[in-house]
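Quick notes on the structure that follows.
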Protein chains: 2
Amino acid sequence: MAASRRTETMEANRARLVSAARRAFAAKGFAAASMDELTADAGLTRGALYHNFGDKTGLLAAVVAEVDAEMAERAREAAAASPSEWEGLLAEGSAYIEMALDPEVRRIVLLDGPAFLGDPSQWPSQNACLDLTKQAVARLIASNVLKPVDVEAAARLLSGAALNAALWVAASDDPHAVLPKAVEAFRLMATGLLKDAKAHS
Amino acid sequence: MAASRRTETMEANRARLVSAARRAFAAKGFAAASMDELTADAGLTRGALYHNFGDKTGLLAAVVAEVDAEMAERAREAAAASPSEWEGLLAEGSAYIEMALDPEVRRIVLLDGPAFLGDPSQWPSQNACLDLTKQAVARLIASNVLKPVDVEAAARLLSGAALNAALWVAASDDPHAVLPKAVEAFRLMATGLLKDAKAHS
DNA sequence: GATCGTGATATACAGCGCGTATGTCAATTA
DNA sequence: TAATTGACATACGCGCTGTATATCACGATC
């Protein structure tokens, strides 16, 4: 591998910039975050930023990709700990709802991401979260648990509903009291996709 | 009433500013829209803008309130034309999905609104759309059609899923081919809230 | 109906932030 | 060791927001 010294400091700098950007974007929002403060916080200047990421939205894309990947990883773990594929899908949804209580996730991925990078289904980061749900839905249709609904549509609706519910929970006066209500409503709605609802209720 | 001449020109100016802002925000997005161009387009200057709306986000709030009200009105019409309360709820959802195909609605209400004004459930405009759905859900629970789920949660999930589905439809390569799939998936998911799914399928 | 006060809008100003163009120096290569 | 590359810093210009000040028409009061 022998990553030359040049490239390894470069990657370290990129990581520091992304890390500083995460903090700044989460705290002030993408629009209000200053690149000068950002880079100074990382011990660099805007020169490094524009060289590595092209422009401000490029940096946002990098941050979003990182956070999105972390979310997908946690959702994967939640699903893996479930007794069935179907319970796994529900667990993914619940995991999304809980994760979105994190201000960083909410602000960067759910609000600024769509506004400045466009619709999540077309992000360069491939939207790992959405992809995960899509795979689960496809498996459940194949195994005859779900009705033969369009995979993309179902996945998009499920993850959209979960993340949207999370926005509501986070904005409420008493998030921890509201969270279980959101999770329950999500699980109910998801059962609408089941072929035989009784068998799983 | 006798609206004095002063106040009536003021309201006319406000309306012209909001109208120009709608066009500009829809075309360029909130962040990239220039207040100078905006106001010049309306035959005014930024002076009128700051006097009437306080700051840039104040203008956005006014625009969002206007568009949101129009959306709620159209959804109400769609629901009214339905044979039953339950079909009315589904019709509202479908209406949201179709309305979000309008670039103005998508950009202003679904993307920039949440990013710059915060979560829709706490908008000053009261979010007429959400409120409408909430009322429909409450009625359906009272008449024993829906399971006794939390009203806020269900309404938020339903409208969130619909609007999110719309984002996906609009971003797809062939929106008109994808639209019916989104509507079908939405209707399926909504049936998860039904007390007796078979009776309505 | 003439004068005065009020307030809606225009103008002028200050500060900041982005993006680019240019400079600099360390690291790789021959 | 000399030359070249390229990662990063510095300097500049432009545009945009928000505020402070100025103007002028409208309405009130006598």
Side-chain angles (χ1 to χ4, degrees), chain A residues 1-64 107-108 112 115-117, chain B residues 1-64 108 112-113 115-117:
Chain A
M1 307 233 48
S4 66
R5 182 167 173 193
R6 222 182 151 92
T7 58
E8 77 186 16
T9 62
M10 193 176 163
E11 294 204 13
N13 282 346
R14 256 205 287 261
R16 274 163 56 194
L17 286 173
V18 169
S19 171
R22 255 179 99 145
R23 286 193 300 274
F25 292 165
K28 307 182 162 192
F30 175 73
S34 158
M35 312 274 276
D36 276 325
E37 290 182 13
L38 236 187
T39 50
D41 218 47
L44 296 166
T45 69
R46 279 193 343 225
L49 216 166
Y50 281 94
H51 188 76
N52 280 296
F53 299 98
D55 63 355
K56 198 181 179 184
T57 63
L59 179 60
L60 176 61
V63 173
V64 162
R107 177 84 241 181
I108 298 174
D112 288 337
F116 292 95
L117 299 178
Chain B
M1 308 226 50
S4 67
R5 181 167 174 194
R6 223 184 149 91
T7 57
E8 77 186 16
T9 62
M10 195 178 162
E11 292 203 15
N13 282 346
R14 256 204 289 260
R16 274 165 53 197
L17 286 172
V18 169
S19 171
R22 257 180 97 144
R23 287 194 299 273
F25 293 165
K28 306 182 162 190
F30 175 74
S34 159
M35 312 274 276
D36 275 325
E37 290 183 12
L38 236 187
T39 51
D41 217 47
L44 297 166
T45 70
R46 278 191 346 227
L49 214 166
Y50 281 94
H51 187 76
N52 281 296
F53 299 99
D55 62 356
K56 198 181 180 185
T57 63
L59 180 60
L60 177 60
V63 172
V64 162
I108 298 175
D112 288 338
F116 292 95
L117 300 177

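The distance from atom CD1 of B:I108 to atom CZ of B:R22, rounded to the nearest 0.5 Å, is 6.5 Å.
Judged as a side chain to side chain donor-acceptor pair (under 3.5 Å), and not counting sequence neighbours, the contacts of A:T57 are A:D55. Among residues two or more places apart in sequence or in another chain, the side chain to side chain contact (heavy atoms under 4.5 Å, CB included) test is passed with A:N52 by A:M10, A:R14, A:L17, A:A48. Judged as a ring-ring contact (aromatic ring centres under 6.0 Å, His included), and not counting sequence neighbours, the contacts of A:F116 are A:F30, B:F116. Taking A:E11 as the reference, nothing meets the salt bridge (charged side-chain N to carboxylate O under 4.0 Å, His left out) condition, with sequence neighbours excluded. For the salt bridge (charged side-chain N to carboxylate O under 4.0 Å, His left out) test, residues two or more places apart in sequence or in another chain that qualify with A:D36 are A:R46. Looking at residues two or more places apart in sequence or on another chain, you find a salt bridge (charged side-chain N to carboxylate O under 4.0 Å, His left out) between B:R23 and B:D41.
DNA chain C lies under 4.0 Å from at least one heavy atom of each of the following residues of residues 48-59 of chain B: B:A48, B:H51, B:N52. Of the residues in residues 13-26 of chain A, those with a non-hydrogen atom less than 4.0 angstrom from any atom of DNA chain D are A:N13. Contact check of residues 29-46 of chain A against DNA chain D (heavy atom, cut-off under 4.0 Å) returns A:L44, A:T45, A:R46.
Screening residues 38-58 of chain A for ring pair (Phe, Tyr, Trp, His ring centres under 6.0 Å), with sequence neighbours left out, gives no hits.
Nearest heavy-atom pair, B:A21 versus B:L59, reported as atom, atom and distance to 0.1 Å: CB-CD2, 3.6 Å. In this structure, B:A115 and A:D112 approach most closely via the heavy-atom pair CB-OD1, 4.1 Å.
Under the side chain to side chain contact (heavy atoms under 4.5 Å, CB included) rule, A:N13 has a single partner from A:L44, A:V18, A:T39, which is A:L44.
Here the side chain of B:K56 pairs a donor or acceptor atom with the backbone of B:A33 at under 3.5 angstrom.
Reading DNA chain C from its 5' end, the first and the last nucleotide to sit under 4.0 Å from a heavy atom of chain B are C:dG7 to C:dA12.
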